[in-house]
Amino acid sequence: MSPVRVRFAPSPTGFFHIGSARTALFNWLYARHTGGTFILRIEDTDQARDSEKFLRLIYDSLTWMGMDWDEGPNANGVGERGDYGPYRQSQRAEVYQRYLARLRNAGRAYEKDGAIWFKQLGDRYTVFDDHRKKEVEKVKSDLVVIEDQIRGRVERAEDEDFVIVRSDGNPVFHFVNVVDDIEMKVTHIIRGEDHLSNTSKHVRLYEGFGVTPPAFAHIPLILKSPEMGQGKMSKRDQGALVEEYQRRHFLPEALVNYLALLGWNPGEDREKMPIAEIVRRFDLPAVNQSNAKFDSKKLAHMNMVYLLEQPADRFLALAKDYFAQQPNGASVMADESYFAEIMSLAQPKIKSVEELGAYTNYFFTEEFPIDDKVKAKVMGKGEPKARLAELMATLPAMDFASDASIEAAIKSLADGKALGFGDYQGVARLALTGTNAGPSITSIFRVLGRDRTLARLQRFAAVA
RNA sequence: GCCCCUAUCGUCUAGCGGCUAGGACAGCGGCUUCUCAAGCCGUUAACCGGGGUUCGAUUCCCCGUGGGGGCACCA
């Protein structure tokens with residue numbers, strides 16, 4: 001069997017959609033699983049809608065998700081690699097001319113209304129088409145049989161001539177897609193199910209060229225989640241674009257892991273897996289046949305699990321990346337070791353990098369807000385003002401060397417009053433952070449330091 | 001309207017003729033705990049309907065119904 005060659009063939013007409021990313025991923029996984037070649041081909045034949053900046057978005061998104069391509073344009077936008085180029089359809093006009101000539105010589109192409117049409121073989125008749133509200137010419141012919149790797153045998157009638165070159169001279173998708181797949185020796189076409197109906201056209205085209213079609217594998221589509229409504233996920237839907245996850249500092253490996261699970265199952269109840277294992281387990285027959293609804297909660301959970309297990313230095317890098325984009329980022333990161341200390345406190349507690357700003361805010365400013373609901377709750381129970389006063393009295397002599405020494409000091413204070421640690425924890429946290437959520441109170445004491453801790457307690461006591 | 005694909009908890013899914021229908025996310029309850037998370041334990045929840053085939057159908061076939069896609073000089 002010849003080595004596997006698969007391709008991802010986006011057209012740069014919009015933002016990089018999550019569904020496109022999943023199609024790319026399945027192709028990439030299959031190439032890596034089989035030791036084959038992953039080709040990136042740019043289908044930029046629709047000049048009116050294409051744009052250079054969308055091209056870069058495709059390169060960036062694929063790279064961010066870790067999908068490297070063996071052939072195609074270089075990610076920096078300069079030049080390309082591979083023996084079957086050019087890899088942008090806008091530069092392949094000569095190839096299309098050659099293939100058009102082949103079709104003409106075979107009597108399978110003709111001109112009408114200034115466009116060039118592909119000719120079906122068989123007896124002709126006309127019929128009124130309800131959908132298009134006009135008479136159309138049909139051809140009596142055998143059904144096209146598609147042996148799909150995921151869906152099995154699919155039969156479909158392909159009984160009309162169709163345009164392959166527009167009257168403005170630009171070849172259409174069906175034609176260039178098939179020509180390029182032949183020229184680039186693609187062995188497996190893995191694409192969304194929305195192309196299944198087109199496949200009969202493509203098979204006819206292969207026949208017209210006298211070429212055996214490659215294997216087809218039509219993967220299920222990604223649908224909107226129930227709260228988003230009905231139908232296929234579209235560019236306008238919340239969470240539909242890859243760049244959104246990049247912007248929100250998701251971990252790309254979490255997104256990839258989640259996407260791999262949408263329409264594919266590795267068996268053995270495995271879900272969270274390193275990419276090497278996904279590559280090892282992935283195969284076409286295990287891909288599902290029914291569409292999947294997108295679940296942002298499950299993605300968020302996957303992201304959290306990945307985040308929790310990151311080594312401290314990687315988490316710190318992610319945090320820096322995040323704060324670099326925040327308005328107050330520079331001042332927050334000014335003291336490197338202080339910043340690192342706080343990030344290490346935050347890592348086990350947050351669910352996503354984008355929570356970092358709000359979660360650590362009070363470490364970097366005295367202007368943090370006080371949560372009124374929390375305040376009402378904390379101040380309404382026991383004698384918080386008395387506890388606050390006791391804490392302030394104890395503070396000057398407290399040993400700030402470690403969390404343990406701070407904890408011991410507070411505990412002995414509590415013991416002396418026949419109280420518990422919790423009687424001090426809540427009010428101290430409120431005074432120091434303005435909320436009821438955060439790292440251990442002893443860590444907050446230690447990191448803030450004696451002076452700032454005391455000052456905040458005093459300030460709070462004055463207004464509480 | 002025509003054509004194609006599809007159908008198990010709310011969601012992602014396991015199941016490939018005989019199962020107490022399993023896992024994950026979400027939900028709910030509890031434990032743990034200095035708060036909040038996390039974690040741990042438990043729990044609610046599903047085979048779309050009707051015909052066949054078979055000793056026996058979630059599983060195979062057919063028909064409905066639901067969902068999705070396509071029917072362009074878009075890709």
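Note on naming: letters A, B, ... go to the chains in the order of the sequence lines (proteins, then strands), and numbering restarts at 1 for each one. Every heavy atom of this structure was used, including side-chain atoms; hydrogens, water molecules and symmetry mates were not.
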Using atom [atom1] of each nucleotide, how far apart are [N] and [M] to the nearest Å?
N: B:U65; M: B:G30; atom1: C1'; result: 43 Å
N: B:C55; M: B:C40; atom1: P; result: 48 Å
N: B:G66; M: B:U53; atom1: C1'; result: 25 Å
N: B:C61; M: B:G69; atom1: C1'; result: 25 Å
N: B:C25; M: B:G42; atom1: P; result: 13 Å
N: B:G39; M: B:C5; atom1: P; result: 43 Å
N: B:U13; M: B:U8; atom1: C1'; result: 9 Å

Is [X] close enough to [N] that one of its side-chain N or O atoms is under 4.0 Å from OP1 or OP2 there?
X: A:R132; N: B:A72; answer: yes
X: A:Q289; N: B:U6; answer: yes
X: A:N170; N: B:C74; answer: no
X: A:R270; N: B:U13; answer: no
X: A:R156; N: B:G69; answer: no

Taking the six-membered ring for Trp, is the centroid-to-centroid distance between [X] and [Y] below 6.0 Å?
X: A:Y306; Y: A:H301; answer: no
X: A:F282; Y: A:H33; answer: no
X: A:H188; Y: A:F26; answer: no

Is there a donor-acceptor pair under 3.5 Å between the side chain of A:S405 and the backbone N or O of A:S402?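 Pair found, side chain donor or acceptor close to backbone of A:S402.
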Quick check against the 3.5 Å criterion: does A:D371 have a side-chain atom that pairs as donor or acceptor with the backbone of A:G434?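 Answer holds: no.
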Considering only heavy atoms and no angle criterion, is a donor-acceptor pair shorter than 3.5 Å present between the side chain of [X] and the base of [N]?
X: A:E271; N: B:G23; result: yes
X: A:Q230; N: B:G67; result: no
X: A:D295; N: B:A26; result: no

Check every atom of [options] against the side chain of [X] and return the nucleotide holding the closest atom.
X: A:H195; options: B:A75, B:C73, B:C5; value: B:A75
X: A:A292; options: B:A75, B:G68, B:U13; value: B:U13
X: A:D269; options: B:G69, B:G23, B:C73; value: B:G23
X: A:L196; options: B:C4, B:C73, B:A75; value: B:C4
X: A:S440; options: B:G69, B:C34, B:A7; value: B:C34
X: A:R429; options: B:C34, B:G70, B:C74; value: B:C34
X: A:K232; options: B:G70, B:U6, B:C34; value: B:G70
X: A:K298; options: B:G69, B:A75, B:A24; value: B:A24

Sidechain N-carboxylate O distance under 4.0 Å for A:D295, A:K298: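 Looking at A:D295 and A:K298, the cut-off is not met.
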For atom CG of A:D142, is the number of surrounding heavy atoms from other residues, nucleotides or ligands below 6.0 Å larger than 12?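 Counting neighbours around CG of A:D142, 12 or fewer heavy atoms of other residues, nucleotides or ligands fall under 6.0 Å, so no.
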Name the pairing partner of B:U43, where a pair is Watson-Crick or G-U wobble with both distances under 3.5 Å, or state none.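 Pairing partner, where one exists within any strand: B:G27.
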Report the base-pairing partner of B:U32 (Watson-Crick or G-U wobble, both distances below 3.5 angstrom), or none.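 Check on B:U32: unpaired, no WC or wobble geometry under 3.5 Å.
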Rounding to an integer number of Å, can you tell me how far A:H174 NE2 sits from B:A72 P?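 From A:H174 NE2 to B:A72 P: 9 Å.
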Could you write nucleotides 36-41 of chain B as a row of B, S and -, 5' to 3', where a protein heavy atom under 4.0 Å of any base atom gives B, of only sugar-phosphate atoms gives S, and otherwise -? BBS---
Could you go through A:V163 and A:I116, starting from their C-alpha distance and side-chain angles, then the distance that decides it, and tell me whether this counts as side chain to side chain contact (heavy atoms under 4.5 Å, CB included)? CA-CA 6 Å; A:V163 170; A:I116 299 170; over 6 Å; no
